[in-house]
Amino acid sequence: MQKAPPLTFLTSHPSLARALSEREYSIATPVQKAVLEPDAEGRDLLVSAQTGSGKTVAYGLALAETLLEGAATMGPAGEPLALIIAPTRELALQVQRELAWLYHYAGARVVSCVGGMDPGGERRELARGAHIVVGTPGRLRDHLERRALKVSALKAVVLDEADEMLDMGFREDLQFILETTPPERRTLLFSATLPKAIITLAKHYQRDALRIAALGETQGHADIEYRAIRIAHANVERAVVNLLRYMDPPSALVFCNTRNAVRHLEAFLLERGFAAVSLSGELSQSERNHALQALRDGRARVCVATDVAARGIDLPNLNLVIHADLPNDAEVLQHRSGRTGRAGRKGISVLLVPPARRRRAEEMLGRARIQAVWGNAPSADEIRKLDHERLLQNPLLIEPGTPDDLAMADALLQQRDARDIAAAFVKLYRAQLPVPEDIEEQGSPQDRGPARHHAANPPRTDQDQRPRKLRDPVRQDRPQQAQGGGGPRGSGPPAMTNGVWFRLNVGRGRNADPKWLLPEICRQGEVTKKDVGAIRVFDMETLFQVDAQVAERFATLVSERKKGGVRITPALNQTGESTAPPVPQGGESLPAGAPHKSAKPGFKGGKFKPGKNKYKGNKQPRP
């Protein structure tokens, strides 16, 4: 085996250097170099670094001095010395594997505690002792409350992808965990972005933290090429097919905004011959593991996923990300795209942009400081031409045959014409390829027509979150329709005839506004805007309707939500049946999506802060 080049890491620990050398780590990434600088030694760190920049190895190296204290190996495993908190089970398990090999020669025992796994088995593993514990916030809190996880000996806590954890509603769990740990611990906070909520969290739980901004914070990922494809709503699925055929990636990740869109697009790709799997919140852990394993061993080459389901996964040879549905904001765009272009490898991120969404896409790319190349989807003729070139370079034609292969070729030539044999080879080659789709090219940005919603690109639940000035002209001319029947703002739209009423625990006293309540309802219950009827905002609560066809599943999903300040419950009368509540004095009925009169222009609903009596919104920057 060829000897790896000399290490450029600054670590002085022989055990970690040996592990890095065996993995052929030779050049440290910017974030790894930054955390090993002398001024970072022993300090709390607030690090912003892109997904895929080597963060796990970075904080593994940064913790070495604190955990080993100059020794070559760890002592016997007892109470944990370090606690790593990650937003998803996939990321936590990935971190556990990374730290296990990095600290292998240091004799560290690394234990994982994540949702979806047997909690009894995890408690037994903790009882055996551990040097490092990696887990998700909910499961770690559960072990703390049951006294299975002891943190009195902790020397360091790491929050990995802290912005994702706050977005997923783990603020209360994080606060509980951090407040139970020793105050003299080191706290390392890693985040792809640093919104105000992260800065506030850092100020409260860190001491004199060193701020580290790795390369890529102020601009798009340097190893990712961004492309924006103009495409009509009705052609989104066909564009996905042609992009996969044209680029022919070893593996690709396609993002949709809802579970229904994921299921539909996966079925569409399977029907056309792609080896595709899906990841969404409705899958069990065993189903997720099966899908991920199929991607890792090459049995599947395309993964269709939602944002939440894809967080924390690290797929080998992933060099293409397709946004079948536009991300909600610039941060989500960077998190999605960060699945590719990892560890120095190149990647491509493609946004499919319907005409009515072009301005929103341009604004989002501008916020992320990303320069995207605009164009049209590959045509069927372009793909056929490329197939011809790839056929001529097929390894079966270039690599020399074995004696048995040549003997069979001679036998075929004696019985068949050479042209017939070549034609048969072409047929076999084409039979393995999905047929490219015919797509009409999109003209200039001004060539806008009425938008048609497509199954792979369903109606967005965040249309009304855009600043009013940025709305597309085609939408400004449309009359605003109430979800439960039409009506001007504040006139009390008629209720759905088959609607089921639910209650939100916020009202005007907490700046409740349908403009951000509607996306929250759709997100929690995994429904679309058309499934939500009238929204009635009162002083202390908000009542809204959900279509009866999806109400049962909606109620089940919202009842399973244990975190976050915005809670949804059925609005029940004394018989226990859902009913339309009367409009009391002081109440106001608004069509879904209409702005509340108390909302400030440009207001966008933010996170609910526990213990506070108001919501904190983030104002959109003026264009």
Side-chain angles (χ1 to χ4, degrees), residues 87-91 93-94 114-116 164 168 236-245 247-328 332-333 335-340 347 349-352 434 437 453-461 522-528 550 553 556-557 560:
T88 64
R89 71 190 75 169
E90 282 77 18
L91 179 58
L93 294 175
Q94 176 187 326
V114 299
E164 292 286 347
M168 295 171 70
V236 166
E237 291 170 340
R238 297 173 186 169
V240 172
V241 168
N242 283 10
L243 284 167
L244 292 172
R245 286 282 282 105
M247 297 184 180
D248 192 28
S251 61
L253 187 56
V254 185
F255 281 101
C256 299
N257 287 345
T258 66
R259 295 180 181 180
N260 287 336
V262 166
R263 285 195 297 266
H264 187 93
L265 185 55
E266 180 199 19
F268 188 89
L269 294 176
L270 288 171
E271 181 183 351
R272 278 149 182 79
F274 289 94
V277 295
S278 65
L279 288 177
S280 64
E282 64 187 359
L283 299 182
S284 66
Q285 185 60 36
S286 61
E287 291 172 325
R288 292 175 61 84
N289 292 340
H290 179 76
L292 290 171
Q293 187 57 41
L295 291 164
R296 292 189 177 106
D297 60 25
R299 287 181 289 117
R301 296 178 60 186
V302 183
C303 177
V304 188
T306 57
D307 292 322
V308 174
R311 283 171 180 160
I313 65 174
D314 187 12
L315 300 177
N317 302 319
L318 178 65
N319 58 6
L320 176 62
V321 170
I322 300 176
H323 310 269
D325 290 330
L326 281 182
N328 291 330
V332 175
L333 170 63
H335 278 292
R336 283 182 175 185
S337 303
R339 297 298 107 200
T340 185
S349 178
V350 182
L351 291 85
L352 300 183
E437 299 284 340
H453 290 301
H454 199 264
N457 199 14
R460 293 291 300 275
T461 60
C522 293
R523 183 179 68 82
Q524 289 197 27
E526 296 178 3
V527 295
T528 60
V550 299
R553 180 171 174 271
T556 301
L557 290 171
E560 293 174 351

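In this text, all values refer to a predicted model and were calculated from it rather than measured experimentally.
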Heavy-atom closest pair (Thr340 atom, Leu318 atom, distance to 0.1 Å) is OG1-O, 2.8 Å
Check: Can you list the steps and then say if His323 with Cys256 is a side chain to side chain contact (heavy atoms under 4.5 Å, CB included)?
Finding: CA-CA 7 Å; His323 310 269; Cys256 299; over 6 Å; no
Evaluate the side chain to side chain contact (heavy atoms under 4.5 Å, CB included) criterion for residues Phe255 and Val321: first the C-alpha distance (whole Å), next the side-chain angles of each, then the deciding distance (0.1 Å), finally the verdict. CA-CA 8 Å; Phe255 281 101; Val321 170; 3.7 Å; yes
If you apply the rule side chain to side chain contact (heavy atoms under 4.5 Å, CB included), what do you find for Leu93 with Val114, and how did you get there? CA-CA 8 Å; Leu93 294 175; Val114 299; 4.2 Å; yes
On a heavy-atom basis, the closest approach of Leu352 and Ala324 is CD1-CA, 4.0 Å
Rounded to the nearest 0.5 angstrom, the CD1-OG distance for Ile322 and Ser337 is 11.5 Å
Contacts of Asn289 meeting side-chain contact (heavy atoms from CB on, under 4.5 Å) (sequence neighbours excluded), chain-then-number -> Gln285
Residues at least two apart in sequence or cross-chain that pass side-chain contact (heavy atoms from CB on, under 4.5 Å) with Ala252, listed by chain then number, are Leu244, Pro249, Leu320
The complete set of salt bridge (charged side-chain N to carboxylate O under 4.0 Å, His left out) pairs with one or both residues in residues 266-280, sequence neighbours excluded, reads Arg272-Glu437
d(Thr528 OG1, Asn260 CG) to nearest 0.5 Å is 7.5 Å
Residues at least two apart in sequence or cross-chain that pass side-chain contact (heavy atoms from CB on, under 4.5 Å) with Ala291, listed by chain then number, are Val277, Leu279
Correct closest heavy-atom pair for Leu269 and Ala276 would be CB-CB, 4.2 Å
- Is there side-chain contact between Val302 and Leu295, with heavy atoms separated by less than 4.5 Å? no
Applying salt bridge (Lys or Arg N to Asp or Glu O under 4.0 Å) to Glu526 and not counting sequence neighbours gives Arg259, Arg553
| Side chains of Asp307 and Arg336: closer than 4.5 Å at any heavy-atom pair? | yes
| message | I'd like to check Met247 versus Asn319 (side-chain heavy atoms, cut-off strictly below 4.5 Å). Are they in contact? | response | no
Q. Taking side chain as C-beta onward, heavy atoms only, is Thr306 less than 4.5 Å from Asn257?
A. no
**Item:** Ser278 side chain near Arg263 side chain, heavy-atom distance below 4.5 Å
**Value:** no
From the list Asp325, Leu243, Leu265, Val350, side chain to side chain contact (heavy atoms under 4.5 Å, CB included) with Val254 holds only for Leu265
Is any side-chain heavy atom of Phe274 less than 4.5 Å from a side-chain heavy atom of Val241?
yes
By side chain to side chain donor-acceptor pair (under 3.5 Å), Glu287 pairs with (sequence neighbours left out) Ser284
Here the pair of heavy atoms bringing Gln293 nearest to Arg299 is C-NH2, 3.9 Å
